[in-house]
Amino acid sequence: MTSASGGADMVDWNLAVATATRLVRPGPEVSRAEAAAVVAELRRHALEAEEHVRVFTGMRSSSLAAAAATPVLVVDRPGWVRANVAGFRTVVQPLVEKLQARRATGAAAGVFGAVGEKATGIEVGALLAFLSTKVLGQYETFAPAGPSLEAPDSPAALFDKPRLGPEGPGPGRLLLVAPNIVHVERELDVDPSDFRLWVCLHEETHRTQFTAVPWLRDHIQSEVQSFLAETDVDPGALLERLRDAAGSLGAGLPGTGAREGRDSASGGNLLEIVQSPAQREILGRLTAVMSLLEGHADVVMDGVGPAVVPTVAEIREKFQQRRDRGANRLDLMLRRLLGMDAKLRQYQDGAVFVRAVVEQVGMEGFNRVWTSPNTLPTKDEIHDPAAWVARVGR
């Protein structure tokens, strides 16, 4: 499959961006002056949050250059789409090369012809349009190397415009999605300034994790690349797995009678459906580290909160109620298929782990988790903090 730019690729990325931009729902109504004030406040809070997180966690960037190389971008929904397309492009390159090699032998030509880069670009774009309304902020671990921004469309542009460049992976960047933050603060009816700082504390914790722990990004990238390397590109094997799961994609949804928390593929998301045994093992390790990172960020944002976010207790209570309520049936199905339910469990399980370890050995003892890949908790230890403490924490 050839990309619109003339190079070999899996997806027409430019079409994905165009499709998502057309389909994405507009954000909340605000005047231009209000939007400018929101963007300016988010930039201030992002700077302020950096020191709060460092003091609370005891973690500091390995160097000033490392912190400076990971910019903070305030984006709208199309800007979030552009940033994530750039990240996807970087991450899946090894899989692209694998597919290209198989195509060269003629073994997968039928699948390539059936799917096509433009069809895939439209599908990716529709997916990103849905997700772009859900994300408040994101530390983009696999942002492409090179300059982070394109020139603004006009001198008066409010939002940053991430580049789509195909360069290899860069040092990362932090994204704050201004329209989504305003939407949620209005929905929850909370203090806007407090809520914006609270969100920045969470995302700045992720930025600190990766700038203070030099090996962390390479470790996660290695695991992701190992996962992709194990991808079975044989059309027959993929179709067989999809066929086995086709009748049960809705398992676990309200009203289906499926048992909550089941581990079978029928109760999982699309990623789980097409996994090989080796990929399940890799994903188990990735799930553990992502639970740690997300739970740690949740603990920090609430721990810092009382001193600098006076209404943090109200915000957390209302935000948790919003998570627990869920959404309509279609939204629940999409969240399950895309693995977003698993993302919410990562926040909860990881936060329980972090709080339990800090209670037993203090923040300094907990920070031993950042010593090396061998001191990261296993998937079992996330649910048994005492086991991690016995192995590492003391």
Side-chain angles (χ1 to χ4, degrees), residues 37-62 64 66-68 70-72 74 135-139 174-178 180-182 184-213 216 291-324 344 346-370 385 393:
V38 171
V39 170
E41 185 171 36
L42 286 173
R43 295 192 195 282
R44 290 196 306 272
H45 282 336
L47 288 173
E48 179 184 346
E50 184 175 1
E51 186 59 25
H52 290 315
V53 170
R54 288 176 178 176
V55 169
F56 185 83
T57 64
M59 300 172 68
R60 293 196 173 271
S61 299
S62 56
L64 292 176
T70 56
V72 177
V74 180
V135 179
L136 301 181
Q138 171 186 353
Y139 184 79
L174 191 154
L175 307 176
L176 297 169
V177 191
N180 296 350
I181 293 172
V182 172
V184 174
E185 70 191 28
R186 290 180 176 180
E187 182 183 338
L188 299 181
D189 189 24
V190 293
D191 182 273
S193 184
D194 281 5
F195 183 75
R196 294 165 196 173
L197 177 54
W198 190 68
V199 171
C200 288
L201 287 168
H202 182 102
E203 302 309 330
E204 180 56 41
T205 301
H206 287 318
R207 186 165 176 252
T208 298
Q209 289 163 349
F210 283 92
T211 57
V213 185
L216 182 60
S291 296
L292 169 69
L293 299 181
E294 294 294 358
H296 183 233
D298 253 22
V299 169
V300 172
M301 71 193 298
D302 287 351
V304 171
V308 299
V309 183
T311 60
V312 64
E314 177 193 358
I315 291 172
R316 170 54 75 185
E317 181 180 2
K318 290 183 175 180
F319 193 77
Q320 191 61 48
Q321 289 173 353
R322 181 178 183 270
R323 277 182 181 173
D324 294 341
L344 293 179
Q346 286 173 2
Y347 287 111
Q348 296 161 356
D349 296 344
V352 170
F353 171 84
V354 173
R355 288 191 178 99
V357 171
V358 170
E359 183 177 343
Q360 292 183 55
V361 296
M363 187 63 74
E364 185 177 353
F366 166 79
N367 280 343
R368 293 185 183 182
V369 78
W370 312 116

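All values derive from a computational prediction rather than experimental measurement.
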For the student: nearest non-hydrogen atoms of [X] and [Y], plus distance:
| X | Y | value |
| --- | --- | --- |
| T57 | M363 | O-CG, 3.6 Å |
| L197 | A49 | CD1-CB, 4.4 Å |
| C200 | A46 | SG-N, 3.9 Å |
| R196 | H45 | CB-CD2, 3.8 Å |
| L201 | V53 | O-CG2, 3.8 Å |
| F366 | H296 | CE2-CD2, 3.6 Å |

Test your reading of the model: is there a side-chain donor-acceptor pair from [X] to the backbone of [Y], 3.5 Å cut-off?
| X | Y | result |
| --- | --- | --- |
| D194 | T311 | yes |
| Q209 | L293 | yes |
| R322 | L188 | no |

Report the C-alpha distance between F353 and D349 in whole Å, list the side-chain angles of each, state the deciding distance to 0.1 Å, and finish with yes or no for side-chain contact (heavy atoms from CB on, under 4.5 Å).
-> CA-CA 6 Å; F353 171 84; D349 296 344; over 6 Å; no
Please examine the side chains of [Y] and [X], heavy atoms only from C-beta on, and report whether any two atoms are closer than 4.5 Å.
| X | Y | result |
| --- | --- | --- |
| Q348 | Q320 | yes |
| W370 | L292 | yes |
| E203 | L136 | no |

Supply the atom-to-atom distance [X] [atom1] to [Y] [atom2], rounded to the nearest 0.5 angstrom.
| X | Y | atom1 | atom2 | answer |
| --- | --- | --- | --- | --- |
| R207 | L174 | CZ | CG | 6.5 Å |
| E41 | S193 | CD | OG | 3.5 Å |
| M301 | I315 | CE | CD1 | 8.5 Å |
| E204 | T70 | CD | OG1 | 7.5 Å |

| said: If you apply the rule side-chain contact (heavy atoms from CB on, under 4.5 Å), what do you find for W198 with D302, and how did you get there? | reply: CA-CA 8 Å; W198 190 68; D302 287 351; 3.1 Å; yes
| task | Step through the shown structure and confirm whether more than 12 heavy atoms of other residues, nucleotides or ligands are within 6.0 Å of CD on E359. | result |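 Result for CD/E359: open.
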Check the surroundings of atom CD in E51: do more than 12 heavy atoms from other residues, nucleotides or ligands lie under 6.0 Å from it?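 Atom CD in E51 is packed in, count exceeds 12.
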Below 4.0 angstrom, N of the basic side chain to O of the carboxylate: do E314 and K318 qualify?
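Counted as a salt bridge, because a side-chain N and a carboxylate O are separated by less than 4.0 Å.
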- [ ] Evaluate the side-chain contact (heavy atoms from CB on, under 4.5 Å) criterion for residues R316 and D298: first the C-alpha distance (whole Å), next the side-chain angles of each, then the deciding distance (0.1 Å), finally the verdict.
- [x] CA-CA 10 Å; R316 170 54 75 185; D298 253 22; 3.5 Å; yes
- [ ] Check step by step if side-chain contact (heavy atoms from CB on, under 4.5 Å) holds for I181 and L42.
- [x] CA-CA 10 Å; I181 293 172; L42 286 173; 3.9 Å; yes
Q. Considering the options V177, V182, V184, which one meets the side-chain contact (heavy atoms from CB on, under 4.5 Å) requirement together with N180?
A.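 Exactly one pass, corresponding to V177.
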